Amino acid sequence: MKRRTKIVVLGSALLLTAGVASAATASETPRQQATASDAPRQQATASDAPRQREAAALTGTAKLYRSAGDDITFSFDAHLAAEDKADPSKATGTFEFSHYLNGEGARAEVKVDCLLTGGKVAVVSGVITDSDLPGAEGKRVGVTVHDLGRHDRLGYSWAATGSPVDAKELPKCVSSAPFEKVLKGTGDFTVVPWQPEL
């Protein structure tokens with residue numbers, strides 16, 4: 001008999017607790033109830049909002065293949081924001097390149113002033129802001145990248161002249177065909193294709 005009484009008392013206590021919780025919920029104002037129920041939905045909406053992708057991009061680093069053992073490296077961090085989709089000359093970022101052989105050579109840092117991409121090909125240009133190559137600072141240079149996975153290719157505006165210093169005034173977003181091969185195992189260029197409204 002005692003055991004049955006305990007079960008009844010325990011059951012009554014659980015019902016009483018549930019009743020108090022229900023009363024507390026019922027005593028909340030409709031506004032409080034709505035806020036509590038809408039909070040998870042609002043959070044989900046904010047996190048589920050699609051992020052607008054940039055209009056174009058060229059990123060990554062690679063060394064070029066040269067049978068003579070030249071150490072030639074190109075690094076890119078160039079971007080065209082979504083809101084600037086109609087104007088490639090509003091691209092931002094930097095790129096760097098260097099060329100050394102037997103301890104001699106030079107390097108340059110470039111401020112991006114134009115970026116055009118199509119499919120897996122990108123052409124980026126900019127003005128050299130820092131270099132140990134005499135006469136290079138202030139010159140505009142252009143580079144072309146073909147993003148082919150492990151077999152990326154690259155070209156540059158001074159291909160025909162031999163040096164960025166010897167090139168005449170270069171317009172924005174101008175370069176050569178990507179004739180150079182990337183050294184095996186070093187290519188990680190990534191091109192985000194431009195999709196202009198034509």
Side-chain angles (χ1 to χ4, degrees), residues 46-64 71-100 105-161 163-183 186-198:
S47 62
D48 291 344
R51 204 172 133 215
Q52 193 176 22
R53 88 163 177 85
E54 56 192 337
L58 170 59
T59 57
T61 300
K63 290 181 179 291
L64 300 188
D71 182 359
I72 307 172
T73 305
F74 282 82
S75 295
F76 301 95
D77 187 18
H79 305 270
L80 181 64
E83 60 267 26
D84 296 323
K85 182 177 177 179
D87 188 357
S89 68
K90 289 192 175 176
T92 60
T94 59
F95 65 91
E96 300 176 15
F97 59 91
S98 61
H99 185 168
Y100 294 99
R107 47 157 285 284
E109 295 176 18
V110 183
K111 183 179 178 183
V112 170
D113 64 10
C114 189
L115 175 65
L116 277 172
T117 64
K120 293 292 187 177
V121 177
V123 178
V124 62
S125 67
V127 175
I128 296 174
T129 56
D130 185 35
S131 179
D132 49 11
L133 177 65
E137 288 185 28
K139 289 276 189 179
R140 178 177 287 117
V141 292
V143 182
T144 306
V145 169
H146 194 181
D147 175 14
L148 294 168
R150 289 177 292 177
H151 306 286
D152 293 343
R153 299 182 74 94
L154 187 142
Y156 34 84
S157 58
W158 60 95
T161 62
S163 169
V165 176
D166 298 329
K168 300 261 184 186
E169 184 62 32
L170 188 75
K172 293 181 179 181
C173 271
V174 172
S175 183
S176 72
F179 64 97
E180 294 261 23
K181 293 179 183 177
V182 165
L183 184 65
T186 71
D188 71 344
F189 296 137
T190 300
V191 174
V192 175
W194 185 45
Q195 297 171 337
E197 294 174 5
L198 301 175

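The chain is numbered in sequence order, starting from 1. Just so it is clear, the model here is predicted, and its values are computed rather than measured.
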K.L.:
Walk me through whether R153 and E180 qualify under side-chain contact (heavy atoms from CB on, under 4.5 Å).
P.N.:
CA-CA 5 Å; R153 299 182 74 94; E180 294 261 23; over 6 Å; no
K.L.:
Which heavy atom in L116 sits nearest to a heavy atom in P88, and how many Å separate them?
P.N.:
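Where L116 meets P88 most closely, the heavy atoms are CD2-CG, 3.4 Å.
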K.L.:
Report the residues that fulfil salt bridge (charged side-chain N to carboxylate O under 4.0 Å, His left out) with D166, sequence neighbours left out, ordered by chain and then residue number.
P.N.:
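With sequence neighbours excluded, D166 shows a salt bridge (charged side-chain N to carboxylate O under 4.0 Å, His left out) to no residue whatsoever.
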K.L.:
Quick one: list whatever passes side-chain hydrogen bond (donor to acceptor under 3.5 Å, both in side chains) with E83, sequence neighbours left out.
P.N.:
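Once residues adjacent in sequence are excluded, E83 has no partner under the side-chain hydrogen bond (donor to acceptor under 3.5 Å, both in side chains) criterion.
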K.L.:
Quick one: list whatever passes ring pair (Phe, Tyr, Trp, His ring centres under 6.0 Å) with F189, sequence neighbours left out.
P.N.:
F76
K.L.:
Could you tell me the separation between the CD1 atom of I128 and the CD atom of E109, rounded to the nearest 0.5 Å?
P.N.:
10.5 Å
K.L.:
How far apart are the closest heavy atoms of V141 and P164, and which atoms are they?
P.N.:
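Looks like CG1-CB, 3.7 Å.
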K.L.:
Who passes side-chain hydrogen bond (donor to acceptor under 3.5 Å, both in side chains) against S98, sequence neighbours left out?
P.N.:
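Scan of S98 (side-chain hydrogen bond (donor to acceptor under 3.5 Å, both in side chains), adjacent residues dropped) gives none.
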K.L.:
For D77 and T59, work out which heavy atoms get closest and say how close.
P.N.:
OD1-CG2, 4.0 Å
K.L.:
For the pair V121 and T144, evaluate side-chain contact (heavy atoms from CB on, under 4.5 Å) and give the outcome as yes or no after the intermediate values.
P.N.:
CA-CA 7 Å; V121 177; T144 306; 4.0 Å; yes
K.L.:
Can you list everything that forms a salt bridge (charged side-chain N to carboxylate O under 4.0 Å, His left out) with E197? Sequence neighbours excluded, please.
P.N.:
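For E197 there are no salt bridge (charged side-chain N to carboxylate O under 4.0 Å, His left out) partners, ignoring immediate neighbours.
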K.L.:
If the condition is ring pair (Phe, Tyr, Trp, His ring centres under 6.0 Å), which residues does F97 pass it with, not counting sequence neighbours?
P.N.:
F74, W158
K.L.:
Rounded to the nearest 0.5 Å, what separation is found between the CG atom of L154 and the CG atom of L64?
P.N.:
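Rounded to the nearest 0.5 Å, the CG-CG separation comes to 5.5 Å.
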K.L.:
Looking at residues at least two apart in the chain, or sitting in another chain, which of them share a salt bridge (charged side-chain N to carboxylate O under 4.0 Å, His left out) with K63?
P.N.:
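Result, salt bridge (charged side-chain N to carboxylate O under 4.0 Å, His left out) vs K63: D71.
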K.L.:
Which pair of non-hydrogen atoms, one from T190 and one from D147, has the smallest distance, and what is that distance?
P.N.:
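Shortest heavy-atom separation between T190 and D147 comes out as CA-OD2, 3.7 Å.
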K.L.:
Which residues pass the side-chain hydrogen bond (donor to acceptor under 3.5 Å, both in side chains) test with T61, not counting sequence neighbours?
P.N.:
S75
K.L.:
If you measure from NZ on K181 to NE2 on H151, what distance do you get to the nearest 0.5 Å?
P.N.:
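Going from the NZ atom of K181 to the NE2 atom of H151 covers 10.0 Å.
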K.L.:
For G155 and V143, work out which heavy atoms get closest and say how close.
P.N.:
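Where G155 meets V143 most closely, the heavy atoms are O-CG1, 3.2 Å.
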K.L.:
Restricting to pairs with a member in residues 118-131, which pass side-chain hydrogen bond (donor to acceptor under 3.5 Å, both in side chains), not counting sequence neighbours?
P.N.:
R107-D130, D113-S125
K.L.:
Salt bridge (charged side-chain N to carboxylate O under 4.0 Å, His left out) with E54: which residues, sequence neighbours excluded?
P.N.:
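Testing E54 for salt bridge (charged side-chain N to carboxylate O under 4.0 Å, His left out), a comparison that skips the adjacent residues, returns none.
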K.L.:
Go through the structure and list residues passing side-chain contact (heavy atoms from CB on, under 4.5 Å) with A177, not counting sequence neighbours.
P.N.:
none
K.L.:
Between L170 and G142, which heavy-atom pair has the shortest distance, and what is it?
P.N.:
CD2-N, 3.6 Å
K.L.:
What residues, two or more places apart in sequence or in another chain, satisfy side-chain hydrogen bond (donor to acceptor under 3.5 Å, both in side chains) together with D87?
P.N.:
S89
K.L.:
What distance do Q195 atom CD and K85 atom NZ have between them, rounded to the nearest 0.5 Å?
P.N.:
6.5 Å
K.L.:
Before you tell me yes or no, could you show the steps for W194 and L115 under side-chain contact (heavy atoms from CB on, under 4.5 Å), namely the whole-Å CA-CA distance, both residues' side-chain angles and the distance that decides it to 0.1 Å?
P.N.:
CA-CA 9 Å; W194 185 45; L115 175 65; over 6 Å; no
